[in-house]
Each structure stands twice: as C-alpha cells, then as structure tokens.
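Inspection log for the structure reproduced underneath, given as structure tokens.
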Amino acid sequence: MAGSIPDKPQLEGLEAKWAQSWETDGTYRFDRARGLSRGSDGVFAVDTPPPTASGSLHIGHVFSYTHMDLQARYQRMRGQEIFYPMGWDDNGLPTERRVQNYYGVRCDPSLPYEEGFTPPFERGEGAKDQQQVPISRRNFVELCEKLTVEDEKQFEDLWRTLGLSVDWSLTYRTIDDHSQRTAQTAFLRNLARGEAYQSDAPTLWDITFRTAVAQAELEDRDQPAAYHKVTFHGPADDETVIIVTTRPELIPACVALVAHPDDTRYQHLFGKTVRTPLFGVEVPVKAHHLAQQDKGTGIAMVCTFGDVTDVIWWRELDLPTRPMLGEDGRVSETPPTEFNAPGASERYAELVGKTVFSAKAQIVEMLAESGDLIGEPEKITHPVKFFEKGDKPLEIVTTRQWYITNGSRDEDLKNRLLQRGQDVAFHPDFMRVRYDNWVGGLSGDWLISRQRFFGVPIPVWYQVGESGEVNRDEVIVPDEAMLPVDPASQPAPGFTEDQRGVPGGFVGEADIMDTWATSCLTPQIAGGWVSDPELFGLVFPYDLRSQGQDIIRTWLFSTVLRSELEHGTVPWKNAGISGFIVDPDRKKMSKSKGNVVTPQGMLDEHGSDAVRYWAASSRLGTDAAFDPQNPKLIKIGRRLAIKVLNASKFAYSFTGDGGEVTEPLDIDMLARLGQVIDEATKAYEAFDHARALETTESFFWTFCDDYLELVKERAYRDQADPGQQSAVTALRLALDAMLRLLAPVIPFATEEVWSWRHEGSIHQAAWPTSTELNLPANPHGGVFELASEALVQIRRAKTDRQLSQRHPVATVTMSAPELLEQVKADLMALGHIDELELKPSETIELVEFVPAEGE
RNA sequence: GGGCCUGUAGCUCAGUUGGUUAGAGCGCCACGUUUACACCGUGGAUGUCGGGGGUUCGAGUCCCUCCGGGCCCACCA
C-alpha cells in the first residue's frame, strides 16, 4: 500500500508536507475538460472575496474563508468539478495610504514621471515628522503595484498554510489588466444602456482624501457639538426669528429658513424673507413637512450644505446654491453670494482659508459681538456622517460625478433586485433581511467616481470645444477591443496626444472607479466574462458566494446589481454569510486586539487543523467568541486531530484482509456509522458544516472510547479467527469513512492518515455513503449502544472501588436486555471479567460485582 | 425611531415538526503508570432554560409582555 505508518505520528510538519504535495499533484486544480463533460450542474463554482491586499489578515478572515473551504471540499468529494479561484483587492484608498506611509511619498498628479525613482525609505521606517515626497501619478501607481505584489505573496502563503483548497493558478488582482478590462467593459455597457451617467450634484465629500464617497461607505460617529441660538432679522425692521444650529459657520451659505406647514408660530412668515445675521442676506422662509416642530425652535436654517436634510430642502424647495467650502474643507476665497450688511465682506474675508472648526469659533465670536447669539451654546453629542476609512466629518460639496443606477430612483429595478434577493439562497436565511433593508433604504444612485489615483480609470474622454471649454456632455468612449485604457495617459480615439487639453481636442477623465465597482465583478473577472466565454458559460451563475455579514450592503449588493444589469440573472445560487469574531466580553473584536494574535502565529502555534476546527464549529451567520489567551476550541481541535492520528495508527495496525463482517457488534457499529454519514451529508447539503462536524466528531469519540476498546482483544487474535477478521474489516471500513467525513475540517491529519493505506488524495476520494458499508438489510439494532452502557456500569464499579480499569474481576452479574448476550465475549475481555452472568431485563443494572483477589 | 439576531451548567455552545428524569465539550473534583494516544483514559458533581403572563393533557421549544446583550439602518436644525 501507499505509505507506511509512523511509530509516533505527529501534527507538526503536516502543513508544509501536504501543501507541497497538493501543489505538485494539482489536487485542487480546476479540470476544464472534466467540467465541460459534466456541464454546468457538475461544476461547483465559488466566488471568493478578494481580501484587501494592503490590509492585514485577521482572525475573522480565517473564520470566513475556512467556512467557504469546507463547502468546497465537501462538494469536491461529492464529485463536483470545483472552480475555486482567489483574488486580491489591490486598488483603493487603503493601498494608497499604506504606500504613503511605507515609502514616504504622496501623489501629485501634476508632476511628471521620474524614471528610476527611488523612494525615501521602505517599510515605513522614515522619521515621524518626515515630509512625504510628492511624486507623479505613474510613479505612485508603480509603488502601489510593487507593494501589493509583496503583500499578496504573504497572503497566499497564509492561505496555503491554512489549507484552503484554492486553485492557485486562477489567481487574479483587481488592478491587473484583465480586471481593468472587465471593469471598464462593464462600465461602458452600463453607459451604453443608460445605467451609468454623470451628474452635477451635492455629494458627500471627504476633505482629507479629497474624494466623493458613496452611501455604502458611510458610518455614523458620535461627535461633540453645540446648539447655537442665533437671531435672524425681519421681515419688519424690529422683528426677529430665532433659529438653533450646530453649524453657525455656515451662515454665509444660508439659503432659506424652513418650518413645518402646520406650525402656527411661523405660518405668518411663509412667503416672506428674513435677513441673515452678520451678512444681511435676504433668505425666504419656507414650509416643508420634514421640519420638526419640537426640534430646536421649530425653524431650521438651510445651508448649502450642512447636512443631507439641507440637500433635500434645497432640491424640493428649489433653493439657490451658495457653496462656501472648498474641496479641502476650508472656507473658499469666493464669497457664496452677495452680502448686504455693512462690514459683511470684511467679516467673510476673515474666514477665508479657515477650517470648519476655526471658522465656527470665529463666527461665534462675531455673533456674540453683534448680539445675534443668544445665551451660551449648549454642548451636545450627536451622530455625524463619516467616510468609514476617514477621520474628519464629511462635508457636502457640489461636484460632477459618475453614477450607476441602483434602483433607488427606479421602482422596476428595485423590485427586480428584491426578487434577485429572493432567488439567492441565503445561509442563514435571515441574512436576506439585511439585503432587503439596504435595497429598500437606498437614497440615491451609486456614486462610483473617486478623485483618487490607484484604481481602474473611468474609460472616457471629453471633447474640448473650439473656444477651449471642456464639454462634459460630449463623452468619447473607446472601443471594447482597446481596453484597458487610461484616459489620463492615452489619447482619445481619433485624436493624438498633442491634442490633449487644446481647443478642438480632448481631455481624459481623471477619476477612477470606486473599488467596489471592480470587486463587485469578481464572478465576471475570475470566470473570464470578457475573454473566455466557454469558461464563463460553465461557471456563471456561480454556486456559492461566501462572505462576512459586514459587506452585504457593499460587496453582496453591488454584485447582485451588476449581474442583474448585465446578465439579468443572479450571480450565484447560494450566499453563505459568516458571523464575526467577538471578544470574550461580547464586543466586536477590535482591530488592535485582533492583531495581537496574527493568523500566522495561531497556525504556527496550534496547527492549521486545530484552527480550522475552531472555525468549523461555528454555524454560518453566528458570531464566535474568541479569547486569544485561552483558545479552547482550537485546543479541542488539536486534540481531535491528534486522536485521529493515533486511533488510525492503532486501528490500521491489525493484520488480515478481506474477512467478512459477521459479529453483531461490528455490524451494529457500522449501522450507526451509516446513520452518521447520512446525517453529516444532509447537514453539508444544508450548508450546516457545524452540525456535520458535531455529529461526526461525537461518533468518532464513541468509536475510540468504546468500540475500539471492545474489539481490541478480538482484533489481536489470530487471523484464522472469524471474529478477528470481522473486527479488522469493520475497523477499516469505519475509519475509511470517518476520515473522509472529517477531511473538510482537518484536511492535513486526514490526508496524512489516508496516505498510509490509500493511493491518491483523500480530498479527491468519494464522499462516504451509508450504502458502501454493505450493511445487511436488517442490522442488529442497538447492540453497540447497549454495550457502551454496560461498559459504563463496569467502569464505574471499578472506579468506585478505586481499582485500575485493568483490574481482574471474578464475577459480574448484570441485568440487561437479551441483546447484550451478543457482545458478552468482548465485554468480558475488555473488563478482564472471568465470569459474566446476564439476567434478562428491560434496563441495564449491575447486580453483583466481585473483583479478583490480590494482584 | 425602525429592523434583525441573541439570552440554556462557572465558560463556549447543542437542543430538528411542542413529548419521558434538559445535553455535549471545556473547566472543576476523584481515580487510573491499560502493549494507539499523558497532546491519555475512567467516573463524578453542577441548571428558577433572562423575568412574568397565556395556549396546551404536556412548553427550553408556540403566542403576548417586560428586561438584558449585540449588530444594521435612520432626515446630524
């Protein structure tokens, strides 16, 4: 047979040994020919989340990726041809930020490319106060490329160590040419169908990164603020209106006051105008149902733009635009409007160039001086919108951006997307609610343009008119065959580079796409949508998307959206949603804590099988507690893997071949195993790996503790003994099946053991079935369980008398069901019992127990 | 303010359509140097199933209500 059984089997070294072997043998390689012969239904395609290359992998990744791998391994053993690629998400802000810190540079698109540029330092080893060196966009992108490739190597090593059964020849990067081509093709098709469009509109703007952000990337954070009571003047000379605002610095940008239509306090003002304090600008008083009578003084100041409610009022009441903040979040030089109050221009001039924070302090001072501030500002804490990756509150700035329709303004599309949500089987099912809520709560189309550098360029150019003005509505698009293109460095089709920016020429779009606009196309990228129709037809729609619950609103939703727009179908049949990792005190594991124990460190310390066992013990959608100081489940997993090695070594060590299973105990044990196989199979079919594991594991321990002990003596007998042959065959049948049941969870230990007696990888072996056990039509029901119960009685009798389990016993009398007679000999051998008398009874009870004398 | 998940032994969790005395592992205690395993084995103790109502012959399981924990969403005056 294949290998030999080592004297002292160990877990150490199995990861390296088998990862190498699987790579050499192409164990997890996607076999296209076999896939084609089996057809779509015979191929199981997995849509894998590409981790952010510049981020660090944490324990939550290991958790979720293991869940995905369990299902892939199960399906592989069921005979499915597995398409299991892996990608890296390179582009986006995290990479840019990491590159800036790692190399000490920053991107300045106005600079020319510098050949052979050497960054000031590497590995973030620069001094804290060192200025970042400005470099060209191309130099910057080159550094991004360089660093992500290094990071990705480490990621791959980790995944290989963890034992993900990925086909590493199917790796993609969201920044590589193929991904760019896919993303740009999809975008151009959206554009051609009218699903992508440009719009000049108020957008949420991050002043640090100087880019627009999308609704999906927002998060609320509690911030300190203050209510300022401020006086507006009018309509009559001696009249005033008092408003409450947290943003007095925006008074120059005020365009109206708004109160509720039913509010009797302000009804007389509707249709009239009042003057802003300090600046004396006439603004109308309007009625709108969103104004809350019980908030503040019931009348609100509308500015362009203080918050998203301002945007709604501005749009629905058709108010003018008076922007006062620039893209850097500072007060612009150009006044937002014409001021009428004496000294207003001078006041504004004092604000110019200030941050929101300083401008606010300045204006409060001015208001106090003019007497328009009533009382002291009241300090409060309130939620403020942030870019999830940013650390300054978002502002709202009117800019021209690219959007993709997402159903928020299109009932038909929204309903189709909700229907697609129904078409996907969520595991667990309630996760669909999060998708539904998100789709139902969308407040605008998807803003996909970003004013950043490292990402997929939006593949369009604009015509420049004869007088030199850029005509944004005259969009020039490339032919799909030209893709990928970079409009910033390549001329528009039909033009030459020297026509860039000149009258009658063109300009290239400078923006790149939101990172999700690329990563939501992972099924299309990995499946070769633009390059390999045969493959794409085989794998799409995929069978499984596996991901964390935190990115349902981003990755999951946008994938469904793009698939619906492009293909009119769901991107996958199943969505497996993993929970997240929580601290022992139930809080979501913080990044700092999660990083204390790196995944690599955990794998090194406990072994990959042990860590996988921990992940496999949690059901999909369930949060898992994890205490790095005391990783209980990991230790249990390690114990299981070691037990598998030792028990297998023992069970496989008995000699003999081909004997029939004749003993009732052996048959009954196999019958129980048959039930376990059926149950585990059913559980995996329902994406319930935790139940499959629990069922298998529980049986495995009973098998070791009771069955193995019971047949030990019989198995040691001479091969001529039919009882010996029965035991040996049953042991092998059982072990062969149990190893395969456990193979998805502990692929290293099971592969090691499998290799002792079998050719080929266990991971390509067929999933066990109850029929392969060749059970008789009516197996003896329950002898095994009965024997286990009898064992407990005998063991307890010895323990109570503080005897070794090996201590000989003269006579035992038990009342027990007659069935127990069938295992009498095995019981006597295990208990070292000279004489065992069984009295027929319904229940098992120890009547008499007489230990042998002496020893 | 809305939605979803969750509360079972000291800890981590099972508990299928309601059905005997509520389970497992860890931890704890006691015992055991058994020719697979001391990275071991055997046995033992441990619960107002968050509280209160209701439906039912019967409720950890179904309904109502209250309380606790977590997550997501929401128009930030």
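Letters A, B, ... mirror the listed sequences (proteins, then strands); counts begin at 1.
Positionally, the nearest nucleotide of RNA chain B for A/Phe650 lies more toward the 5' end than for the other of A/Asp220 and A/Phe650. Of the residues near RNA chain B, A/Ser443 and A/Arg619, the one whose nearest nucleotide (by heavy atom distance) lies more toward the 5' end is A/Arg619.
Straight-line distance from the CD atom of A/Gln549 to the C1' atom of B/G70: 10 Å, rounded to whole Å. Look at CH2 on A/Trp614: it is 12 Å from P on B/C13, rounded to the nearest Å.
Spacing between B/G7 and B/G51 at atom C1', rounded to whole Å, works out to 12 Å. B/C73 and B/U65: their C1' atoms are spaced 26 Å apart (whole Å). With P as the reference atom, B/C11 and B/A74 are 36 Å apart, rounded to whole Å. Comparing the same atom, C1', in B/G70 and in B/C63 gives a spacing of 25 Å after rounding to whole Å. With P as the reference atom, B/G10 and B/C49 are 12 Å apart, rounded to whole Å. Taking the P atoms as reference points, B/G50 lies 6 Å from B/U8, given to the whole Å. For the P atom pair drawn from B/A38 and B/G47, the interatomic distance equals 35 Å after rounding to whole Å. Taking atom P in both B/G18 and B/G58, the straight-line distance is 15 Å, to the nearest Å.
Contact annotation: A/Lys635 side-chain N/O to B/G25 OP1/OP2 distance is not under 4.0 Å. Within the 4.0 Å cut-off from OP1 or OP2 of B/G25, not a single side-chain nitrogen or oxygen of A/Lys643 is found. Taking 4.0 angstrom as the limit, A/Lys649 places none of its side-chain polar atoms (N or O) nearer than this to OP1 or OP2 of B/C37. Regarding contacts with the backbone of B/U35, every side-chain N or O of A/Arg806 stays at 4.0 angstrom or more from both OP1 and OP2. The side chain of A/Gln805 places no N or O atom within less than 4.0 Å of a non-bridging phosphate oxygen (OP1 or OP2) of B/C40. Between A/Arg691 and the phosphate of B/G15, there is a side-chain N or O to OP1/OP2 separation shorter than 4.0 Å. Checking the phosphate oxygens (OP1, OP2) of B/G41, a side-chain nitrogen or oxygen of A/Arg639 falls inside 4.0 Å.
Legend: salt bridge (charged side-chain N to carboxylate O under 4.0 Å, His left out) pairs involving residues 694-715 of chain A, not counting sequence neighbours, sorted by first then second residue: A/Asp666-A/Arg714, A/Asp706-A/Arg795, A/Glu709-A/Lys712, A/Glu713-A/Arg717, A/Arg714-A/Asp826.
The side-chain tip of A/Arg757 points at the ring of A/Tyr652 from less than 6.0 angstrom away and within 45° of straight on. Both the sub-6.0 Å distance and the 45° axial angle are satisfied by A/Arg639 relative to the ring of A/Trp701.
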Protein-nucleic acid N or O pairs under 3.5 Å, nucleotides 1-5 of chain B:
{"residue": "B/G3", "atom": "O2'", "partner": "A/Asn437", "partner atom": "ND2", "Å": "3.4"}

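Looking at heavy-atom distances under 4.0 Å, A/Glu679 makes no contact with the nucleic acid at all. Backbone-only contact: A/Asp705 has heavy atoms under 4.0 Å from sugar-phosphate atoms and none from a base.
No donor-acceptor contact under 3.5 Å links the side chain of A/Lys385 to the base of B/C76. Judged by distance alone, with hydrogens and angles left aside, A/Glu709 brings a side-chain donor or acceptor within reach of the base of B/A36, the pair sitting under 3.5 Å.
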field: From CA spacing to verdict: ring-ring contact (aromatic ring centres under 6.0 Å, His included), A/Phe650, A/Phe654
entry: CA-CA 7 Å; A/Phe650 181 54; A/Phe654 297 105; 5.0 Å; yes
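Under a cut-off of 6.0 angstrom, the local environment of CG in A/Asp7 is sparse, with at most 12 non-hydrogen atoms contributed by other residues, nucleotides or ligands.
In the set B/C76, B/G43, B/C73, B/C73 carries the atom at the smallest distance from any side-chain atom of A/Trp438.
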